[in-house]
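All chains are named by letter (A, B, ...) in the order of the sequence lines, taking the proteins before the strands, and each is independently numbered beginning at 1. Just so you know, these numbers come straight off a predicted model, no measurement behind them.
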Amino acid sequence: MTKEIIKIEDLKREFTMGTETVHALRGISFTIKEGEFVTIMGSSGSGKSTMLNILGCLDQPTSGIYEIDGVSVKDLNRNELATIRNEKIGFIFQSYNLLARTSAIENVELPLLYNSKVNSEARRERAIKALEMVGLGDRLHHTPSQLSGGQQQRVAIARSLVNNPVMILADEATGNLDTRTSYEIMSLFQELNKQGITITFVTHEPDIATFSSRTIVLKDGDIMQDYKNDNVQSAAEELAKLPKQDD
Amino acid sequence: MRLLNVFKIATKAIVLNKTRTLLTMLGIIIGVASVIAMLAIGEGSKESIRTTISAMGSNMITVKAGSDTRGGVRQEASVMESLTLSDFQAIKKQSTLLSYSTPVVEGKGQVINGSNNWPSSIYGVNPEYLSIKVVDLQSGSMFTDAEVQTASKVALIGQTVVDNVFPDGQEPVGQMIRFNNIPFKVIGVLEEKGENTFGQDQDDVVIAPYTTVQKRILAIDHLNQIIASAVSEEEAPNVVIEVSNILREQHKLADSEEDDFHVRSMEELISTFSSTSEMLTILLVAVASISLLIGGIGIMNIMYVSVKERTKEIGLRMAVGAKGADILMQFLIEAILISITGGVLGVLLGLGATVFIEKFLNWPTSVAMYSIVISFAVCAVTGIFFGWYPARKASALDPITALRYE
Ligand SMILES: Nc1ncnc2c1ncn2[C@@H]1O[C@H](COP(=O)(O)OP(=O)(O)OP(=O)(O)O)[C@@H](O)[C@H]1O
Ligand SMILES: [Mg+2]
């Protein structure tokens, strides 16, 4: 039996704004096993980002249980949470969140700066490797303002990969990419998944969901559907089927 | 390793915001520079006062007539006639701690040589005067005790007097001059001393036997002053006591009566002037410290803005694994780097300003090592103190709240 890397039970998240309370998550439960590739779908405002932030230890639930690798997150202090974020989780934000006026390579190096086990040479090496993986080997010293939206997204992906995380949490990581590039990215994720990294991937696009092994659909803070995908498409093959571009 | 990384992050932030950082530093730079320059001026003037006074003879004792408290109408000390030649003789005879002493009578008048004339002061003294005042002669010689006895009309003159009444470069020694119409034979020229710290021209003098000045110029019997030199600087305070006792006995003062004279040592004068200039130094430094404080507040302000402006960045750093301590250190190091760099530049500017003041304004200065050390320490403390609060605030942020901050 593979171990449960994520386990949530009756997870609720409420936002209080003055007298009004927004129920972003209304008590959801599921487990994700090591090595799964899960896509989270749902309409805008259904609570996908809210849930992902909690899974990424960036936010705390109002109530409910969240266990990561068997450890209850509620019992961890700020420093322990920081270490988990640093060593276990690669997070890709919906809005990239790159440091302005900072080169791609330095952006990618960022998580390693807070990892005492990595020295500066290894840091540079790994950052270059991660950027090459997302196809930006020739853009190492460009700052975000000198990169296209898709390229910035790929820098953000490289940053999530650089510290060899156990799981990657991606919030619409292909939202700004054309079909070809998003398939490239998906095949990269499938590759990483094969290497054993657990991936939780928020998306709006149903065709992206076909590359994952499981899909959870949210609606208004509740789970609508949670189904296994028996017919996982290979992103690499789909990519090959796309009409050739002449660049 | 980790701290080194945080240090690099902090330096990078400073480099990215060069202009702003420099403007922030300006407060510190000016603060430190002014503290150093002000202290240098203060120390310099203190030192120069000390050297001038020492040059005037640091073991010199001055006795002046004091106010007469016995009479009904009090009078200015200079017109008092309570100091007499017998007082001088008593002091000379009884004191064991004096090496030289002379009576002094002084007057103002016109020095005339042919068609040239010049207003100056005449001092009537005895030959020991030169040793007390530590003055040498350029030419000629001092009058003798015999010439004092006979009230000879001989005089020595200072360089300023020479310049004004012998404008043609004539050799003054051997010439006749007149002081208030009394003819004097010039027998010597005093060595040039220039102005003292108080701006007095020490070369604008005529020296003659006190007997001559008493009888022929002032027509008085009393003395204006008695000056003497103690055997050593350390004995000066004892001399003051000894001379006071001799004079009290001379003047037959009862225990209940106050002194009708003043005895002062140069040491006292030095400490009087030193304390005045010390007050001035404290004042200057206080003003400079305020600018340093304002510089510190400038740092706090900019760190505060910096934390606000970079809230999103802080959120991101935390999201990828930065701990509160990393963020705290980052901003603290940034603040300290700004203040210390500002401190170094301030020290350099302060030293530059000091050289400028010395060279071009001709003010005596003396840079004290402690002023550099202190202002530097103050800088570092300022950085920590004013950087702490904003940095602390940054480190306490919640990752998601910080990320969402617009
Ligand atoms: N900080 C917050 N304060 C108040 N309400 C919030 C906050 N964050 C999210 N919400 C609310 O929670 C609900 C879920 O938001 P969430 O960002 O999770 O949606 P989403 O599924 O990610 O949508 P999208 O697909 O547009 O990204 C929304 O109604 C939103 O208004
Ligand atoms: Mg979202």
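Between the side chains of B:Thr365 and B:Glu358, at least one donor N or O sits under 3.5 Å from an acceptor N or O.
If you measure heavy-atom distances from B:Ala13 to chain A, you find no contacts under 4.5 Å at all. With a 4.5 Å cut-off on non-hydrogen atoms, A:Glu87 does not touch chain B at all. With a 4.5 Å cut-off on non-hydrogen atoms, A:Ser160 does not touch chain B at all. Within the 4.5 angstrom heavy-atom criterion, only side-chain atoms of A:Arg78, from C-beta onward, approach chain B.
With sequence neighbours left out, the side chain to side chain donor-acceptor pair (under 3.5 Å) criterion links A:Lys129 to no other residue.
With respect to chain A, the highest number of heavy-atom pairs below 4.5 Å among B:Asp398, B:Asp326, B:Ile9, B:Val320 belongs to B:Val320. Among the candidates A:Leu112, A:Asn53, A:Asn79, A:Asp59, the residue making the largest number of heavy-atom pairs closer than 4.5 Å to chain B is A:Asn79. Among B:Ala319, B:Pro399, B:Gly324, the residue with the largest count of heavy-atom pairs under 4.5 Å with chain A is B:Ala319.
Nearest heavy-atom pair across A:Phe30 and A:Met51 is CE2-SD, 3.6 Å.
Taking the six-membered ring where tryptophan is involved, the planes of B:Tyr304 and B:Tyr389 are essentially parallel, since the angle between them stays under 30° and well short of 60°.
Salt bridge status for B:Arg310 with B:Glu334: present, with a side-chain N to carboxylate O gap under 4.0 Å.
Within the 4.5 Å cutoff, side-chain heavy atoms of B:Phe376 are placed close to those of B:Val344.
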